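Order of the sequence lines sets the chain letters (A, B, ...), proteins ahead of strands, with each chain counted from 1. Since we're looking at a predicted model, the values are computed, not measured.
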Number of protein chains: 4
Amino acid sequence: MSATERPHTGRKRNELVRSAILDGALRLLAGAEGGAVTVDAIAREAGVGKQTIYRWWPSKGAVLLDALTDRAEESVPPPDSGSLGADLAAVVTATFAAAQHPQTAPALRTLVREAANDPQLAELMQEFTGARRAALQQVLARGRERGELPDDADLDLIVDQVYGVFWYRFLLGHAPLTRDVAERLARGLVG
Amino acid sequence: MSATERPHTGRKRNELVRSAILDGALRLLAGAEGGAVTVDAIAREAGVGKQTIYRWWPSKGAVLLDALTDRAEESVPPPDSGSLGADLAAVVTATFAAAQHPQTAPALRTLVREAANDPQLAELMQEFTGARRAALQQVLARGRERGELPDDADLDLIVDQVYGVFWYRFLLGHAPLTRDVAERLARGLVG
Amino acid sequence: MSATERPHTGRKRNELVRSAILDGALRLLAGAEGGAVTVDAIAREAGVGKQTIYRWWPSKGAVLLDALTDRAEESVPPPDSGSLGADLAAVVTATFAAAQHPQTAPALRTLVREAANDPQLAELMQEFTGARRAALQQVLARGRERGELPDDADLDLIVDQVYGVFWYRFLLGHAPLTRDVAERLARGLVG
Amino acid sequence: MSATERPHTGRKRNELVRSAILDGALRLLAGAEGGAVTVDAIAREAGVGKQTIYRWWPSKGAVLLDALTDRAEESVPPPDSGSLGADLAAVVTATFAAAQHPQTAPALRTLVREAANDPQLAELMQEFTGARRAALQQVLARGRERGELPDDADLDLIVDQVYGVFWYRFLLGHAPLTRDVAERLARGLVG
DNA sequence: ATTTAATCGAGACGGTACGTCATGTCTTCGG
DNA sequence: CCGAAGACATGACGTACCGTCTCGATTAAAT
């Protein structure tokens, strides 16, 4: 979408511009694989002035995070099937699967790369991952209440084993994140 | 160490220069915490020309990794006490402890940050982490041979749970990496 | 041996680059008439990095001034024919003619434009114009010694009438700077 | 003067806004001396929207010129004492004196600086200075009719010597613009 | 009395140029 | 040939103004 087709909204923030930027960012993230996700590039891709980006996001990474979360996240509620094993397997499987999406994966990797040198973005990602951890912990807490886990089980540790394995493999890529692995991991943790 | 105090060795490679560079890199990695581990900065810190760095290392990251591994690692052999639980606990505890060292921690974190945007370095770190994984897997394999693990145990997954938790907590810092956690983790995995 | 006494060992300044920049600047000044004498444009035109320009000149205008003076000025000595009238006419005529040169004129105008918003450059131009004034005053002083001007003649004022008329007409362009005008002006001042 | 204290006049042009803008512009012109006479700055200073400025003036420079001329100039008629020498001296002295005014001088200098990069404003200033030249020429023409100047005197050149000296010294500041200088200049031109 | 039309403050927007920073290569000179 | 110093091309960065646009309010003139 070019700038010429996009009407100005005057002194109000233009939502079309917002999504044009996020779209452009996603296109670059998904496409370029490893390179050239420049602020200038995003601006050009979206038909937007650089200043407009800096006006609304503190850093390039914030744009990327926004681009990823804005659409992908409709705040899926954690499953509650009554069985801890099933719930855990569901969450882990879903997590693994979501990151495999051919458009999401490169974007996510770029995002992490950006976060590494951008404290602003790092903090934003902390919030994001914190929410994920909290959701998973809730699932575990329900299971513990039902007696499916010992009372002294270290829920934080279990959560971190899940996300630890996920990120470790996702970023290093030395081993797969298949559905099979997900189920085996879940079983190992609460079996 | 300034350049003026260091004698030239003529056409042979000067070992003093090598360590001056690695020292300088370490000082920057440990000190600046968040900022500016530039090639120029390393060169200045070491009293060295930039070209000298590029002559011997393929990228900035390679220098950093070299700086970290050159000294800290005298290739500790994996423990072999005869008990899988004890061995695993020992490895995990040692891993957690090593990263806590007040000089190592910030350097390691910076290293990861650099690796995120430097494919050269990323590959080097893969080798490094690969070696660690292999060592741990060897411990587990010995235990499985002794019957301390079922024959169909997914050793790779267990290894990745250890290092996954480690890196996840180390980088995000949302939860501790104490000896207690290490032991609980080990017990959970092979108990 | 202190740092100041230490001979330079670094790479030498590349004279070709210097002249490439000045040439490029001149080409832009002469060509584009009024527009787009950007630092980026100069750099592109000269096949040079922007940083290289900023390394050697404090501002864009300084480059332009350098470009103009570097070549045009072989420090012409003021004429000394023995007759004040003839000398003055010669200087004024030469000044008028020099600025009419089809390549110099637009460059000079751009230079003034730049100086208006660049104190650095303004000072440089002061030096330049100061030297011109001094040269003319020397001519007048010689004439006064020979009795061709009264002892109480205000030489500064005469000089400023010459250069005042010159710049006033050159910049506003409301009246010509012909040889005829030059001679009439000279005659009016010392006739 | 802030916007809140200023009543709206509805669909009629608000004269208070006009003067608020001109006042703000003058304050910036006189005050900052060297910096930042931005359109945004004028708008902020006057408590006015940018569009309001662009609605009534074609360019920033036009505002500045308006600000200067609107108040200072009540179109003083050229003197006509019957003596050319006296009239000329009066005009020159008045011109020199006017520009010395502590509030006018910096504003005038800034105005010229702006004009250097604003063709719109440059043209407006041409009109302004043209009027001044015409006024002075009228004085000279009257004197020539009375026989106080030779029939072939180049009036334009005399005029430009006056204003040339004035602007040259005013802008460069290398020599004063005192009453004494004014009288000597006038005497030299028509004496 | 109601509509219509213009002013005005505010500020988002697409651009252009700025001056700085880091990278990795290349060049010079002294040991 | 090594090593220190640093020039150089490249390209991204984040900022400053520009001039245009649209909003929502206010008020005067036209209906």
Go through the structure and list residues passing side-chain contact (heavy atoms from CB on, under 4.5 Å) with [X], not counting sequence neighbours.
X       : result
A122(D) : none
L171(D) : R109(D), V112(D), W167(D)
I53(A)  : I21(A), V39(A), I42(A), A43(A), V48(A), W57(A), V63(A)

Among dC2(F), dG9(E), dC8(F), find the nucleotide with the atom closest to the side chain of N14(C).
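Side chain of N14(C) sits closest to dC8(F).
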
Check every atom of dA12(E), dG14(E), dC8(E) against the side chain of W56(A) and return the nucleotide holding the closest atom.
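Shortest atom-to-atom distance from the side chain points to dA12(E).
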
With no angle test and no hydrogens, is the base of dG3(F) tied to the side chain of R55(B) by a donor-acceptor pair under 3.5 Å?
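Counting by modelled atom types and ignoring angles, a donor-acceptor contact under 3.5 Å is found here.
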
Just jot down the side-chain hydrogen bond (donor to acceptor under 3.5 Å, both in side chains) partners of [X], sequence neighbours excluded, or say none.
X       : answer
Q51(B)  : none
N14(A)  : none
K60(A)  : E114(A)
N117(D) : R113(C)

Grab the [atom1]-[atom2] distance between [X] and [N] for me, whole Å please.
X      : N       : atom1 : atom2 : result
I42(D) : dG9(E)  : CD1   : P     : 14 Å
L16(D) : dG9(E)  : CG    : C1'   : 15 Å
E15(D) : dC8(E)  : CD    : C1'   : 14 Å
R18(A) : dG14(E) : CZ    : C1'   : 19 Å
I21(C) : dA9(F)  : CD1   : C1'   : 11 Å

At under 4.0 Å between heavy atoms, how does the protein contact nucleotides 24-31 of chain F? Give one character per nucleotide, 5' to 3', with B, S or -.
SBSBBS--

Protein-to-nucleotide contact annotation, 5' to 3' order, nucleotides 11-18 of chain F [B base; S sugar-phosphate only; - none; under 4.0 Å, heavy atom]
-SSBBBBS

Given side-chain contact (heavy atoms from CB on, under 4.5 Å), test L29(A) with L108(A) step by step and report yes or no.
CA-CA 8 Å; L29(A) 275 174; L108(A) 205 50; over 6 Å; no

